[in-house]
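The structure under discussion appears below in the form of structure tokens.
Predicted model only: the values in this text are computed from it and were never measured. One-based numbering, in listed order, for ligands and for the atoms of each.
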Amino acid sequence: MPALHAVAAAVAGCVSGESFEVRDITCLAGACQPGSIFAALPGTRADGHDFIPEALSRGAQAILSERPAPPDFPAAWIQVADARRALGQVAALLHGHPSHHIHVIGVTGTNGKTTTTYLLYEIFRAAYGHAALLGTIEQRMDDDRRPSRLTTPEAPEVQAFLRRAWDSGCRHAAIEVSSIGLDRWRVADMRFAAAIFTNLTQDHLDYHGTMERYFDAKLRLFDGRNGEVPGIAVLNTDDARTPDIITAINGRARIVTYAVHDPGAEVRLARLDVHTRGMALSLHTPRGMLDLATHLVGTPHAYNILAATATALALDVPTDAILAGVANTVVPGRFEVVEGSDDHLLVAVDYAHTPDALANVTATARELARLRRGRVITVFGCGGDRDRTKRPLMAEAAAQGSDLTILTSDNPRREAPERILDDAEVGLRAVGKPYHRILDRRQAIAFAIQTAQPGDVVVIAGKGHETYQILNHLTIHFDDREEARQALRRLRSDKGTPME
Ligand SMILES: CC(=O)N[C@H]1[C@@H](OP(=O)(O)OP(=O)(O)OC[C@H]2O[C@@H](n3ccc(=O)[nH]c3=O)[C@H](O)[C@@H]2O)O[C@H](CO)[C@@H](O)[C@@H]1O[C@H](C)C(=O)N[C@@H](C)C(=O)N[C@H](CCC(=O)O)C(=O)O
Ligand SMILES: Nc1ncnc2c1ncn2[C@@H]1O[C@H](COP(=O)(O)OP(=O)(O)OP(=O)(O)O)[C@@H](O)[C@H]1O
Ligand SMILES: N[C@H](CCC[C@H](N)C(=O)O)C(=O)O
Ligand SMILES: [Mg+2]
């Protein structure tokens, strides 16, 4: 365990008070113990400095802060220029810089991060037996799975996870790197063997303010501001922002390109057949044409498969492991076909919660509905306490891609649910196609399924894998897949036909 003064020196901090052997660092006062440094951070709801007495009562022996030490402070104090960044740097140091010992692949972009990390996890497991995964749904180390609270958690949690992965024999970790995580230095000073850019479209403007600032946060993963430039930058050349990333890298990293459309990309799509339960793809690659099969459904997932394949090829993963990994990948809540769906009625649950994702998922549904001579019915809502300006755009995308749209509630959090629906309804009115507004999500799902005709495809968008609904301070159990299954069951028993 390093001494306090060594830790302070590593972050160019001004230190006062007695030195001690540092065990850990945290920004949560409740998690402090003897040997801890408590990072006191200003927040949106509270000020970490108000929790210093609690941190000390739990045994914290030093405070890390941007403020100078108060006179006669009873413990050590490290004053730094940027406390969040220092929290990230110290967390990496205390865990022995696990990213220097395992190959960490960081995935950033508005959509596709979770899916791409799942693909990489399966590819690494097929190739080497061990792999780690960290992101929106879960933190996984081989077969050990724990649910996540944030996509990219605070730095001490990320570093502790990577350290455990290293200790348990994993040499590859695929992690989702959110723009908020980058902005808050949650992956500060990490070495990325590869960094993947999926795409940039509107989200999180409540946090970043403008698209430029949102993009700039993502750019930090590539241009060295986060610590180092990645070993390999894997970039989607169909996305308009990729040239800006290449410029910012300025020749300092190896660049690998992938695309569905761009004929100049190194790894690109040659053929795509979309079915209800999966897809067949052929990719042009530096190793020749690869034919793959996947359970994932929809063109967006072709991008994610291209990104994961391009990365694995650049890291010299054997081809058979890439094919096996892609074939094995199942991501909960990403065009997940609900049990009880059949040739007459297809119901899919999808995590689309941005305008772009809704445009894409309804396009996938349209492709399948055309084959079945049916319509597209989409149920969607918008989360509360999140980007308000994306709501009418989500509604427009849903309505444009659907024959019938049902606007409902998502996770209202601390906002008034009806107001969230009002914001979204503006987009539905602008499009002018048929829609219903049903506040209660259970009723909305049931209505969509009852209304569907033979051949129709029903998409239930926004919550995907989530098994809860956040209503103000209350979190209740809610699972779109269970709701859809029950509605299908009721439909079949009303009509007297058994479920397949
Ligand atoms: C905007 C954001 O990221 N907020 C996170 C942030 O809150 P904050 O900075 O406002 O902190 P605060 O609650 O005001 O408290 C101030 C300080 O006092 C400390 N404190 C506070 C209360 C207490 O009892 N004890 C204590 O020590 C807090 O740890 C904090 O350091 O630090 C908190 C502690 O770690 C997080 O719980 C909180 O995540 C909130 C819940 C959240 O919803 N974050 C989302 C928006 C997020 O980070 N999402 C991204 C992107 C998702 C994606 O699209 O992929 C993600 O990576 O998950
Ligand atoms: N490459 C892609 N391009 C566009 N849309 C995509 C792509 N991949 C997935 N999607 C859509 O976005 C939804 C979310 O996908 P995924 O969970 O992989 O993204 P994410 O970036 O991890 O999202 P989050 O920011 O919430 O963590 C999917 O359900 C699908 O509708
Ligand atoms: N990672 C996304 C999750 C959105 C999921 C949606 N169900 C919502 O609650 O808005 C976010 O934090 O914006
Ligand atoms: Mg995710």
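- Here the Mg ion (ligand 4) is the vertex; the OE1 atom in Glu176 and the OG1 atom in Thr114 give an angle of 90° (to 10°).
- When heavy-atom distances to ligand 2 are checked against a 4.0 Å cut-off, Thr198 has no atom that comes that close, whether in backbone or side chain.
- Among all protein heavy atoms, the one lying closest to atom 11 (C) of ligand 2 is Ala357 CB, 3.7 Å.
- Between Phe197 and Phe222, the ring planes lie perpendicular to each other; the angle is over 60°, past the 30° to 60° tilted range.
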(request) Could you check Leu182 against Arg225 for side-chain contact (heavy atoms from CB on, under 4.5 Å), going step by step and ending with a plain yes or no? (result) CA-CA 10 Å; Leu182 282 160; Arg225 273 178 293 162; over 6 Å; no

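- The ring pair (Phe, Tyr, Trp, His ring centres under 6.0 Å) check on His208 picks up Tyr214, with sequence neighbours excluded.
- For the pair Thr362 (side chain) and Ala398 (backbone), a donor-acceptor distance under 3.5 Å is absent.
- Within ligand 1, counting atoms from 1 as listed, the ones closer than 4.0 Å to a heavy atom of Thr151 are 52 (C), 53 (C), 55 (O), 56 (C), 57 (O), 58 (O).
- Side-chain atoms of His465 and Arg334 include a donor-acceptor pair closer than 3.5 Å.
- The side-chain heavy atoms of Leu41 and Arg84, taken from C-beta on, include a pair separated by under 4.5 Å.
- Ligand-side atoms of ligand 1 in range of Leu41: 16 (C), 17 (C), 31 (O), range being under 4.0 angstrom from any heavy atom.
- A cation-pi arrangement, defined by a distance under 6.0 Å to the six-membered ring centre and an angle within 45 degrees of its axis, is present between Arg220 and Trp185.
- When each of Thr276, Leu368, Val274 is tested with Phe335 by the rule side-chain contact (heavy atoms from CB on, under 4.5 Å), just one qualifies, namely Leu368.
- Nearest to atom 17 (O) of ligand 2 among the protein's heavy atoms is Arg334 NH2, 2.6 Å.
- Judged by the shortest distance from any of its heavy atoms, His49 lies outside the 4.0 Å radius around the atoms of ligand 1.
- Close approach of ligand 1 to Leu28 is summarised as follows: ligand atoms under 4.0 Å from at least one heavy atom of the residue are 27 (O), 29 (O).
- At a 4.0 Å cut-off, not a single heavy atom of Glu54 sits close enough to ligand 1 to count as contact.
- Ligand 1 places these atoms under 4.0 Å from at least one heavy atom of Gly43: 8 (P), 9 (O), 10 (O), 11 (O), 14 (O), 16 (C).
- Ranking protein heavy atoms by distance to atom 25 (O) of ligand 2, first place goes to Lys113 NZ, 2.7 Å.
- When hydrogens are left out, the protein atom nearest atom 16 (C) of ligand 1 is Ala46 O, 3.4 Å; that is the closest non-hydrogen contact.
- Here the heavy atom of the protein found nearest to atom 22 (C) of ligand 1 is Phe51 CZ, 3.4 Å.
- Contacts between Val331 and ligand 2, counted as non-hydrogen atom pairs separated by less than 4.0 Å, are absent for every part of the residue.
- Taking a cut-off of under 4.0 Å to the non-hydrogen atoms of Asn360, the atoms of ligand 2 that pass are 4 (C), 5 (N).
- Judged by distance alone, with hydrogens and angles left aside, the side-chain atoms of Asp385 form a donor-acceptor pair with the main-chain N or O of Arg414 at under 3.5 Å.
- Closest to atom 7 (C) of ligand 2 among all protein heavy atoms lies Pro300 CB, 3.4 Å.
- Distances below 4.0 Å separate heavy atoms of Asp356 from the following atoms of ligand 2: 4 (C).
- Counting heavy atoms under 4.0 Å from ligand 1, residue Ser178 touches it through the side chain alone.
- For the pair Thr242 (side chain) and Asp238 (backbone), a donor-acceptor distance under 3.5 Å is absent.
- Residue contact check for ligand 1: Arg186 places a non-hydrogen atom closer than 4.0 Å to it.
- Every atom of ligand 1 is numbered from 1 in the order shown, and the set under 4.0 Å from a heavy atom of Glu154 is 32 (O), 34 (C), 35 (O).
- Among Thr44, Leu150, Thr26, the residue whose heavy atom sits closest to atom 8 (P) of ligand 1 is Thr44.
- Taking the ring pair (Phe, Tyr, Trp, His ring centres under 6.0 Å) definition, one finds that His95 meets it with nothing, sequence neighbours left out.
- Distance check for Thr136 against the Mg ion (ligand 4): an N/O/S atom falls below 2.8 Å.
- Using a 4.5 Å heavy-atom threshold, the side chains of Tyr351 and Thr114 count as separate.
- In this structure, atom 56 (C) of ligand 1 has protein heavy atoms in its sub-4.0 angstrom surroundings.
- In this structure, Thr108 contributes its side chain and Val177 its backbone to a donor-acceptor pair below 3.5 Å.
- Here CD1 of Ile105 is found 6.5 Å from CG of Leu120. Values are rounded to the nearest 0.5 Å.
- For atom 14 (C) of ligand 2, the nearest non-hydrogen atom from the set Tyr118, Tyr351, Tyr303 belongs to Tyr351.
- At the top of the distance list for atom 28 (C) of ligand 2, counting protein heavy atoms only, stands Asp350 OD2, 3.5 Å.
- The side-chain contact (heavy atoms from CB on, under 4.5 Å) test with Ile175 is passed by exactly one of Val107, Leu134, Leu133, Thr117: Leu134.
- Less than 4.0 angstrom separates some heavy atom of Thr115 from each of these atoms of ligand 2: 16 (P), 18 (O).
- Side-chain atoms of Asn360 come within 3.5 Å of backbone N or O of Asp356 as a donor-acceptor pair.
- Residue contacts with ligand 2 for Thr136 involve side-chain atoms from C-beta outward but no N, CA, C or O (heavy atoms, distance under 4.0 Å).
- Those atoms of ligand 1 that come under 4.0 Å of a heavy atom in Ala29, given as number and element, are 26 (C), 27 (O).
- Scanning the protein for heavy atoms near atom 19 (O) of ligand 2, the closest one is Gly112 N, 2.9 Å.
- Residue nearest to atom 7 (O) of ligand 1, selected from Arg149, Arg184, Arg45: Arg184 (by heavy-atom distance).
- A donor-acceptor pair shorter than 3.5 Å can be found between the side chains of Asn111 and Thr354.
- Of the options Asn304, Val260, Thr114, the smallest heavy-atom separation from atom 1 (N) of ligand 2 is shown by Asn304.
- Taking 4.5 Å as the limit, every side-chain heavy atom of Leu306 sits out of range of all side-chain heavy atoms of Leu281.
- A side-chain donor from one of Tyr118 and Glu138 sits under 3.5 Å from a side-chain acceptor of the other.
- Contacts with ligand 1 closer than 4.0 Å are made by side-chain heavy atoms of Ile180 only, the backbone lying farther away.
- With a 4.0 Å cut-off on non-hydrogen atoms, Arg84 touches ligand 1 through its side chain and not its backbone.
- Short contacts between ligand 1 and Cys27, defined as distances under 4.0 Å to a heavy atom of the residue, involve ligand atoms 19 (C), 27 (O), 28 (C), 29 (O), 31 (O).
- Taking every heavy atom of Asn199 and a limit of under 4.0 angstrom, the matching atoms of ligand 2 come to 1 (N), 2 (C), 3 (N), 4 (C).
- By the 4.5 Å heavy-atom criterion applied to side chains, Val158 and Met190 are counted as neighbours.
- Contact between Thr110 and ligand 2 is present, with at least one heavy atom of the residue lying under 4.0 Å from the ligand.
- Close approach of ligand 2 to Glu176 is summarised as follows: ligand atoms under 4.0 Å from at least one heavy atom of the residue are 22 (O), 27 (O).
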